[in-house]
Number of protein chains: 2
Amino acid sequence: MGIAERREKEKIELRALILSAAKKLFVIKGIEHTTIRNIAEAIDYSVGTVYVYFKDKNAIFHALHSQGFNELGQQLALLMAVENPMERVKALGRVYINFAKANADMYSLMFSQPAPIDYLEEEHADEWKEGVLAFNVLKGTLAQCIEQGYFKGHTLEPLTYLFWSAVHGMCALYISERAKGVNLTDPDTIVERGYEEFLKMIGE
Amino acid sequence: MGIAERREKEKIELRALILSAAKKLFVIKGIEHTTIRNIAEAIDYSVGTVYVYFKDKNAIFHALHSQGFNELGQQLALLMAVENPMERVKALGRVYINFAKANADMYSLMFSQPAPIDYLEEEHADEWKEGVLAFNVLKGTLAQCIEQGYFKGHTLEPLTYLFWSAVHGMCALYISERAKGVNLTDPDTIVERGYEEFLKMIGE
DNA sequence: TTTGCCCTCTGAACCTTGTTCATTAAATTT
DNA sequence: AAATTTAATGAACAAGGTTCAGAGGGCAAA
C-alpha cells in the first residue's frame, strides 16, 4: 500500500508547513495579529485548508506550544549525563537561558502568552506534562545536591520553585523588553550576568 | 463658571466608570474576550460613548496599565520609611508579592500581557517610567546594603536584576497557574515559601 | 420666551477576522 | 468508464473593533 502511505506523508508535510508558517508569522506579528488568512496566504492554500488540518487557531498555538516544550525538554535531558549534581543544576540554568534567548518567540509562546481560555480546562493536565517533567528534573537534581550537603537549611520544593522562577523571571523580563527600558549598562548580557549573581549566592 | 466645572467633573467620572467596568470585565473574561460592547452594556452607555472617552481598546488597556503601576509604586514608596536597608529590601519583596497576589489580574496586565503592538513604539519610554522608578528604588536600596557590607562580591546592577526577576518570576508563574500543574504540596503559599528560600540565601 | 449654538451621546453601518459547509475537483478503486 | 473517497476551496455567516452623521438637550444671547 504505497499510495496510502504517500498520502499520509503529504498530510504530515502540509501540517508541518502550516505550523512553520504560523510560527514565523506569530514571531513577526504576534499571535493576536496573525490571521488565519495570513497563514493561508503565506503557504498559498485557501483558508479552509488550514481548518482541515487544525480545528481552530487555538489548535495551532497548542501544537507549537508542545513543540517548544519538547525541544527544551530534549536539551535539558542531555544534561543528565553530567555526573555532579551541583554542576548539573548550574548547567540546567545555562541551557534554559540559552534556549530562551535563542528562541525568544517560542519561549514567550510557551510561558508568557496567556493560554487561550478553553485549553486551560479539559486536557490541560496532559498538555502541560512536558513542563512538569522539566520541573521534576530540576527538583531531582536539587534533591541530589541537598543529599551531598549543599543548600543546608533549605527546603526542596520551594527551593526548586525559586530556582526555576529566578531563571524564568530573568528570561521573561529580558524577552518582554522591559529590561531595556530600565537603562542597563549592557542589556544584552543582563540575563547571564544576573545568573552569575545567582550562582554566586548558591556557591558554597 | 460652575457649569463648565460640573461638566468637567462628569466627564472625569464617566471616564473612571468606563475604566472600572473594563477592569472588572478584563479580570473575569480576560482582555481578549472582553468586547467594547460588553463594557458599554455594563455601564448602560452606547458603544460610541466608549470611543468618545478612549481612542480605542488599546487606550483603555493603557490607562489601566498606568493605574496599576501607580498603585504598586505608592505601596513601595511607603517602605522608604524603613531605615535599615536590608530590612527594606526584604520588605520590598514582600509588598511586591502581596500586590501581585492581591491584584493578580492587574499584575498580569502590567507584566505578562504582551503590550499591544503600537504602544511599544512612540511614547513607550514615558509610559514605562513608573517601572523604571520601581527598579531604581530597589537598586538604590541594594546599593545601601552593599555599602553596609552585605552582598560581598556581588555586582549591583545584575544583582538588582536578579532580585527583581526572582520575585517577578515567582509571581508570574503563580499567576499564570503554571505552578498548579506541577503538583506542589501547597500551591497557594508557594510564592511566600520560595521567597523565604531566597531570603535564606541572602541572609548573611 | 425663543432662537441658535455647542456638546454629549447614539447606534446603524463598515471592515476585519474566525469559522463553517456545500461544492468542486482530483485521485483512487471497482 | 463509472463510482467512490478524499482533499481543497471560497463564499457566506457571526462577532468584534471602529467610525460618523445625526439626535437630543442644555445653555446663552436676543
Side-chain angles (χ1 to χ4, degrees), chain A residues 1-19 21-26 28-65 113-119, chain B residues 1-19 21-26 28-65 113-119:
Chain A
M1 288 278 294
I3 285 170
E5 278 163 25
R6 196 212 62 222
R7 281 201 162 176
E8 196 56 33
K9 207 188 72 183
E10 280 175 356
K11 267 164 74 170
I12 290 173
E13 275 168 3
L14 184 43
R15 196 189 131 92
L17 185 65
I18 293 173
L19 279 182
K23 184 180 164 187
K24 217 173 286 176
L25 288 167
F26 283 177
I28 301 173
K29 319 177 57 168
I31 296 184
E32 286 312 319
H33 299 90
T34 298
T35 73
I36 302 289
R37 286 172 180 82
N38 288 158
I39 299 173
E41 270 174 47
I43 58 175
D44 293 319
Y45 275 85
S46 75
V47 206
T49 305
V50 176
Y51 281 90
V52 170
Y53 288 81
F54 293 94
K55 191 178 138 286
D56 51 22
K57 198 177 172 184
N58 243 319
I60 299 176
F61 167 85
H62 194 284
L64 286 172
H65 192 257
Q113 294 282 353
I117 276 197
D118 40 339
Y119 127 162
Chain B
M1 288 270 296
I3 285 170
E5 277 162 27
R6 195 211 61 224
R7 284 199 162 172
E8 196 57 32
K9 206 187 72 185
E10 280 173 356
K11 267 165 73 171
I12 290 173
E13 275 168 4
L14 183 44
R15 195 190 133 92
L17 185 65
I18 293 173
L19 278 182
K23 183 179 166 187
K24 218 173 285 175
L25 288 168
F26 282 176
I28 301 173
K29 319 177 56 168
I31 296 183
E32 284 314 318
H33 299 89
T34 299
T35 72
I36 303 288
R37 286 172 178 83
N38 287 157
I39 299 172
E41 270 172 47
I43 58 174
D44 294 317
Y45 275 85
S46 75
V47 207
T49 305
V50 176
Y51 282 88
V52 170
Y53 287 81
F54 294 93
K55 188 178 142 288
D56 52 24
K57 199 177 173 185
N58 242 320
I60 299 177
F61 168 86
H62 194 285
L64 286 173
H65 192 258
Q113 295 282 351
I117 276 197
D118 41 338
Y119 125 167

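Letters A, B, ... are given to chains in the order of the sequence lines, protein chains preceding strands, and every chain is numbered from 1.
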Length of the line joining [X]:[atom1] and [N]:[atom2], which is rounded to integer Å:
X: A/Lys11; N: C/dA27; atom1: NZ; atom2: C1'; answer: 14 Å
X: B/His33; N: D/dG17; atom1: NE2; atom2: C1'; answer: 15 Å
X: A/Glu13; N: D/dA7; atom1: CD; atom2: P; answer: 15 Å
X: A/Glu32; N: C/dG18; atom1: CD; atom2: C1'; answer: 12 Å
X: A/Arg6; N: C/dT28; atom1: CZ; atom2: P; answer: 5 Å
X: B/Glu8; N: D/dC27; atom1: CD; atom2: C1'; answer: 17 Å
X: A/Lys55; N: C/dT20; atom1: NZ; atom2: C1'; answer: 13 Å
X: A/Lys9; N: D/dA7; atom1: NZ; atom2: C1'; answer: 17 Å

Picking from [options], which would you name as closest to the side chain of [X]?
X: A/Asp56; options: C/dT19, D/dT9, C/dT10; answer: C/dT19
X: B/Lys57; options: D/dT18, C/dT10, C/dT19; answer: D/dT18
X: B/Ile36; options: D/dG17, D/dA7, C/dC9; answer: D/dG17
X: B/Arg37; options: D/dC27, C/dA27, D/dG16; answer: D/dG16
X: A/Tyr53; options: C/dT19, C/dC7, D/dA8; answer: D/dA8
X: B/Tyr45; options: D/dT18, D/dA8, C/dC9; answer: C/dC9

*Could you say whether B/Val50 or B/Arg7 is positioned toward the 5' end of DNA chain C, judged by the nucleotide with the nearest heavy atom to each?*
B/Arg7
*asked:* If you assign each of A/Asn38 and A/Gly48 to its closest nucleotide in DNA chain C, which residue comes earlier from the 5' end?
replied: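 Looking at the nearest nucleotide for each, A/Asn38 comes out on the 5' side.
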Identify whether any heavy atom of [X] sits under 4.0 Å from a base atom; if not, whether one sits that close to sugar-phosphate; answer base, sugar-phosphate or nothing.
X: A/Thr49; value: base
X: A/Leu14; value: sugar-phosphate
X: A/Ile39; value: nothing

*Can B/Glu10 and B/Arg6 be counted as an ion pair, charged N to O under 4.0 angstrom?*
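Yes, B/Glu10 and B/Arg6 are salt-bridged.
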_Heavy-atom closest contact (A/Ala63 atom, A/Phe54 atom, distance)_ =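 Taking A/Ala63 first and A/Phe54 second, the nearest heavy atoms are CB-CE2, 4.2 Å.
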[atom1]-[atom2] distance between [X] and [Y], expressed to the nearest 0.5 angstrom:
X: A/Ile18; Y: A/Lys23; atom1: CD1; atom2: NZ; result: 16.0 Å
X: B/Phe26; Y: B/Lys57; atom1: CZ; atom2: NZ; result: 6.0 Å
X: A/Leu17; Y: A/Ile39; atom1: CG; atom2: CD1; result: 11.0 Å

*Hey, which sits more toward the 5' end of DNA chain D by its nearest nucleotide, B/Thr35 or A/Val47?*
A/Val47
